[in-house]
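Have a look at the structure below before the remarks.
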There are 2 protein chains.
Amino acid sequence: MRKGKPNDPERRTRILRAALEVIAMEGVHAASYRRIAAQAGVPLGSTTYYFSDLETLIVSAFKTLRDGLEPRYASPLRDARTDDDVVDALVAATCGSTAPTLDDIRIYEEMHRYGARSPQVAGLLRDLQEASLVILRRSLSDSAARAVDALMWGWWSYRALNEHDRLDTGMVHDAYRALVTMAATERVPQK
Amino acid sequence: MRKGKPNDPERRTRILRAALEVIAMEGVHAASYRRIAAQAGVPLGSTTYYFSDLETLIVSAFKTLRDGLEPRYASPLRDARTDDDVVDALVAATCGSTAPTLDDIRIYEEMHRYGARSPQVAGLLRDLQEASLVILRRSLSDSAARAVDALMWGWWSYRALNEHDRLDTGMVHDAYRALVTMAATERVPQK
DNA sequence: ACCAAGTATGTACCACCGTACGCATATTCC
DNA sequence: GGAATATGCGTACGGTGGTACATACTTGGT
């Protein structure tokens, strides 16, 4: 009873990618079946076929974002060995080479906002945050990890608001350094 | 030529308040003329009369939020005399007595998102941020002020995502303390 | 060749949206 | 009391939204 293979196996993922593009460019409020279909270059019926309602489409799109985003800025942090490494990795993740693009930040913000009304997306966000905290706690106390996480998000938000201003690297560095040092002093001195 | 006094002088502000309520509860995407009118208990025509298009209604609503929000958490900071006072005021503004409600944070987040596509609202947000920085710079270096601002926003955002978890006051205190201390050490020692 | 079932699409609802506009009402000036 | 003007309201129009669904197409088994 194996009948009917997909004619276009890529279609589903293409639709999801298109959804993220629309969300990044015009926000979730613009992410309609029709708009996404146009973006993906597929007919309307195709989107409703793969995703029976719009909520599941959008949630699925956010999931793919999470899966793609996580490893990118996680691994430099995982590899950090000294406090200096940690600070450098954090700076890079905030405004350096491993930092998210403005588009990514925008999608992330839309996700936050959507999460305020969608328990599913709220769960996704908490997963993402928890994953980040797990990594940070390898090098920092729980308190410091939480503070660092909040600060990074604050700066990403700043970048989204002031598109053209580049964050001053020294400033970012000093702030993370202060939080990491705090974590070090409250840390039980190892033998 | 002063003819026709408003029959209901409160109406305009009532509509603005209703708009903020809708935005807080259901998001800007739900803030339609009709929905706002229903919330305010006035007919549709009444909203279109006072605000010729929806954009100006929403921007006006955000403006009233700004005007109401600013003094609340600004004055404790202005009165802070020592670094300890500053830290205490920041903690209070983050999760204490002067902190915004969850509804306020939600509206603020919606504002951020809306600002991504509305230059007017983006301007409002920058004003708000600049006002905050001006106050913070009375006690802190520019770098520290920016870091503190970002961190506070990060924690507000955290509160919005994890509604029931209360932020640990000690943790928040320590983080601000670390940033303020950093500012103190980089500060030119006064005679 | 034929059938069954999964895949893919076009069309058609119905609800809601912003906005336009004509009409009713209240207020002030003369 | 009227005229003028600001206030307040209801309806209607064009457009777009999610979703339902009947229809076609493609494929694999027989």
Side-chain angles (χ1 to χ4, degrees), chain A residues 1-62 110 113-114 117-121, chain B residues 1-62 110 113-114 117-121:
Chain A
M1 57 211 58
R2 275 268 119 189
K3 321 228 176 129
K5 238 180 28 184
N7 304 349
D8 180 359
E10 301 281 340
R11 187 150 292 199
R12 206 187 129 93
T13 64
R14 194 135 40 94
I15 291 172
L16 288 176
R17 190 162 36 238
L20 286 181
E21 287 166 8
V22 172
I23 292 172
M25 292 187 304
E26 306 169 32
V28 270
H29 76 277
S32 63
Y33 272 130
R34 288 171 177 80
R35 180 71 188 81
I36 292 170
Q39 183 73 19
V42 302
L44 166 63
S46 201
T47 61
T48 66
Y49 173 70
Y50 281 103
F51 304 93
S52 53
D53 61 273
L54 191 60
E55 163 101 4
T56 62
L57 199 176
I58 291 179
V59 172
S60 302
F62 282 145
E110 297 288 337
R113 199 194 69 81
Y114 200 86
R117 271 109 211 159
S118 159
Q120 282 192 80
V121 174
Chain B
M1 60 215 55
R2 274 268 121 185
K3 322 232 177 130
K5 232 179 36 184
N7 304 349
D8 180 0
E10 301 282 338
R11 184 149 294 198
R12 203 188 131 95
T13 63
R14 194 135 40 94
I15 292 172
L16 288 176
R17 192 163 34 239
L20 287 181
E21 287 166 8
V22 172
I23 293 171
M25 292 188 304
E26 305 170 31
V28 269
H29 76 278
S32 64
Y33 272 129
R34 286 169 178 81
R35 180 72 189 78
I36 293 170
Q39 182 73 20
V42 302
L44 167 64
S46 199
T47 61
T48 66
Y49 172 70
Y50 282 102
F51 304 93
S52 55
D53 61 272
L54 192 61
E55 163 101 3
T56 62
L57 200 176
I58 290 178
V59 172
S60 302
F62 282 146
E110 297 287 337
R113 199 195 68 81
Y114 200 83
R117 272 109 210 159
S118 158
Q120 282 193 79
V121 175

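Contact annotation: B/Ser32 reaches the phosphate of C/dC17 (side-chain N/O to OP1 or OP2, under 4.0 Å).
The CZ-P distance, from B/Phe51 to C/dG18, rounds to 14 Å in whole Å. When rounded to the nearest whole Å, the span between CZ of A/Arg35 and P of D/dG18 equals 12 Å. Per the geometry, CG belonging to A/Leu57 stands 13 Å off C1' belonging to D/dT19, to the nearest Å. The CZ-C1' distance, from B/Arg11 to D/dA6, rounds to 14 Å in whole Å. Following rounding to the nearest Å, A/Arg14 (CZ) and C/dA8 (P) show an atom-to-atom distance of 11 Å. Atom-to-atom, CZ of A/Arg34 to C1' of D/dT19 comes out at 9 Å; the value is rounded to the nearest Å. Rounding to whole angstrom units, OH of residue A/Tyr49 and P of D/dC21 are separated by 17 Å. The separation between B/Ile15 atom CD1 and D/dT7 atom P is 12 Å, rounded to whole Å.
Between A/Ser46 and B/Glu55, the one whose closest nucleotide on DNA chain C sits nearer the 5' end is A/Ser46.
Residue-level contact check: A/Thr48 touches the bases, meaning some heavy atom is under 4.0 Å from a base atom.
For A/Pro43, taking side-chain heavy atoms from C-beta onward, the closest of the listed nucleotides C/dT19, D/dT19, C/dG10 is C/dG10. Closest approach to the A/Leu44 side chain among C/dT11, C/dT9, C/dG18 is made by C/dT11 (side chain taken as heavy atoms from C-beta onward).
Summarising the geometry, atom CZ belonging to A/Arg17 is positioned 13.0 Å from atom CZ belonging to A/Arg12; distances are rounded to the nearest 0.5 Å.
Between B/Arg117 and A/Glu26, none of the side-chain N atoms (NZ, or NE/NH1/NH2) sits under 4.0 Å from a carboxylate O, so this pair counts as no salt bridge.
Side-chain contact, A/Tyr114 with A/Glu55: a donor N or O sits under 3.5 Å from an acceptor N or O.
Shortest non-hydrogen contact noted between A/Ile15 and A/Ala40 is CA-CB, 4.2 Å.
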